[in-house]
Protein chains: 2
Amino acid sequence: MDDIAHLSALDRADALEAELRERICLLDYLPGQRLSETELAEEFGISRTPLRKVLAKLEGAGLVASRHGVGTFVTELADEELDQIYRLRLELAQLAAKLDPVPPAPETLSRFRRLAERGRALRPDPDSPRPLARLIYDFIQVQAELSANRPLMDFATHLYSQTARLWVHSLYASDLDLGEEIAIFAREVEDILQALETGDLEAAALIHRAHVSMSWRRLRARRLTRS
Amino acid sequence: MDDIAHLSALDRADALEAELRERICLLDYLPGQRLSETELAEEFGISRTPLRKVLAKLEGAGLVASRHGVGTFVTELADEELDQIYRLRLELAQLAAKLDPVPPAPETLSRFRRLAERGRALRPDPDSPRPLARLIYDFIQVQAELSANRPLMDFATHLYSQTARLWVHSLYASDLDLGEEIAIFAREVEDILQALETGDLEAAALIHRAHVSMSWRRLRARRLTRS
DNA sequence: CCGGCTTCTGTTGTGCACAACATGATCCGA
DNA sequence: TCGGATCATGTTGTGCACAACAGAAGCCGG
């Protein structure tokens, strides 16, 4: 992690929150895992008090849940709620292009190009989900630049992060073809990049929507074969 | 406020959070107003520590913002962000009927009937925005029962609360016809009730959408005349 | 009279000790 | 041997004292 000790006190809490968000979304902390306030406070060189403030925010965001006398746990999502989120994301995907769209800046385009390159270079690593999770996580952040509607994009980012971490988690817990999933995602990034380079935000949104739909379908299919 | 001292410790924080949410949404605390941690802690008979945890959650929800050495303030929203939220709500209004709609239970219908009755009985009170704000706040809560998609309805409720408190606030700060606005809202509730009684959730959503649109238009009109 | 510095006051942020609580291990009696 | 109460341990929740900080009032030198 980045060193945060040198930061001014006001920003330190934000940096800490971002760090914990990353660890949860990048599956350093698995769904259901217990987080020790004492250990985390020690690791970051602070007392429990400011750490607890950060955990309270994460609890408000639905990423962790604390139980008195038991522990603080990374949240899991029931299948039903996951389905609800997917249904919602299908609709939201189109809204990004419809509400306050911003023509992608050269900066944004180059970010997408780097993402595409990383997607092509990504090789399946059965032992660590982190490279794939990292790529998706960065993709989510960059994608949030495509609309100026901050409330919408913040919400979409949140939902995407929730599904992404659970998707990657169950991906590694099952016998799905990891290489194939990586290839599909890399293809999505490239397709979206192509649409963006022609300035067609709506096409980019449609492509994204299609991939959300397909990803959800594959997830449900595996869920059925397991039960 | 309800007495919370007798509640078990775990729920007390939740009750406290709900209470502060209400006070902000019901305009007991105006946008921009400073909240004193010490005073609030005294009022609720607790120390600053658990209060600060609640404030941290509210800060995560965007209802308050703390500045080191200065104070904790109820958030205000820039006109631009308010417009973004309204644009978003126009789209979300239809999603409620489209995603995981639930046929309104008799319980829900009777709640809507009581809301309609309160709307008819509501008389403009230029001195206190609380009765109107209370009615809208309750309407928001009941409306959230119309879809089983919890993430969607939670988000919609949050956005609605944000616009509602700022709408009521500017309503009382301007010379708009208070009685007319109340009549319009009461009419909306009755129209929605009528649609729900025929089981037509989509019609109810369309009516709501229309009122969101009109409310936004009136808000913008007054904004122009003031500047 | 004025500009800059200092001091003072009130606020949020932090550290630490202890209370409240849940859970599993242990002990004891039947 | 078994059931239940009791205790031991580790966790989150709370209270309190103090640090860090921002802002305003006051002071002092020019």
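When reading the values below, keep in mind they use all heavy atoms of this one structure, side chains included, and skip hydrogens, waters and symmetry mates. Labels below follow one simple rule: chain letters A, B, ... track the order of the sequence lines, proteins then strands, and each chain is numbered from 1.
- What separates CD of A:E42 from P of D:dT11 is a distance of 11 Å, to the nearest Å.
- For B:F155 and A:H158, the ring centers sit 6.0 Å or farther from each other.
- Within the 4.5 Å cutoff, the side chain of A:L63 has heavy atoms near those of the A:Q162 side chain.
- A:D79 pairs by the salt bridge (Lys or Arg N to Asp or Glu O under 4.0 Å) definition with A:R223, not counting sequence neighbours.
- Nearest to the side-chain atoms of A:E37 among the listed nucleotides C:dT12, D:dG13, D:dT14 stands D:dG13.
- Relative orientation of the B:F139 and B:F185 rings is perpendicular, given thresholds of 30° and 60° on the angle between their planes.
- A:V212 places none of its side-chain heavy atoms less than 4.5 Å from the side chain of A:T163.
- Between the side chains of A:R134 and A:S128, no donor N or O sits under 3.5 Å from an acceptor N or O.
- Following rounding to the nearest Å, B:L58 (CG) and C:dT12 (P) show an atom-to-atom distance of 14 Å.
- In this structure the side chain of A:L92 reaches within 4.5 angstrom of the side chain of B:L95, judged on heavy atoms.
- Across the protein-nucleic acid pair, B:E39 atom CD and C:dT12 atom P stand 10 Å apart, rounded to whole Å.
- For DNA chain D, the residues of residues 69-76 of chain A within the heavy-atom distance limit of 4.0 Å (strictly under) are A:G69, A:V70, A:G71, A:T72, sorted by number.
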Polar atoms only, N or O, under 3.5 Å: list the protein pairs with nucleotides 4-8 of chain C and their distances.
none

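- If you take CZ of B:R12 and P of C:dC21, they are 10 Å apart, rounded to a whole angstrom.
- Mapping B:I46 and A:S36 onto DNA chain D via the closest heavy atom, the residue that lands nearer the 5' end is A:S36.
- Rounded to whole Å, atom P of C:dG24 lies 12 Å from atom CZ of A:R34.
- One finds no side-chain N or O of B:R67 lying less than 4.0 angstrom from the OP1 or OP2 phosphate oxygen of C:dT12.
- Atoms NE2 (B:H68) and P (D:dA19) sit 13 Å apart, rounded to a whole Å.
- Taking only side-chain nitrogens and oxygens, B:R52 never comes nearer than 4.0 Å to OP1 or OP2 of C:dT12.
- One side chain, A:T75 or A:R165, offers a donor N or O that lies under 3.5 Å from an acceptor on the other.
- At a threshold of 4.5 Å between non-hydrogen side-chain atoms, the residues A:S170 and A:L219 count as touching.
- The phosphate of C:dG15 (OP1 or OP2) has a side-chain N or O of A:S47 nearer than 4.0 angstrom.
- Counting any heavy atom pair closer than 4.0 Å across all strands shown, B:L35 reaches sugar-phosphate atoms only and no base atom.
- At a cut-off of 3.5 angstrom, the base of C:dG13 holds at least one donor-acceptor pair with the side chain of B:R48.
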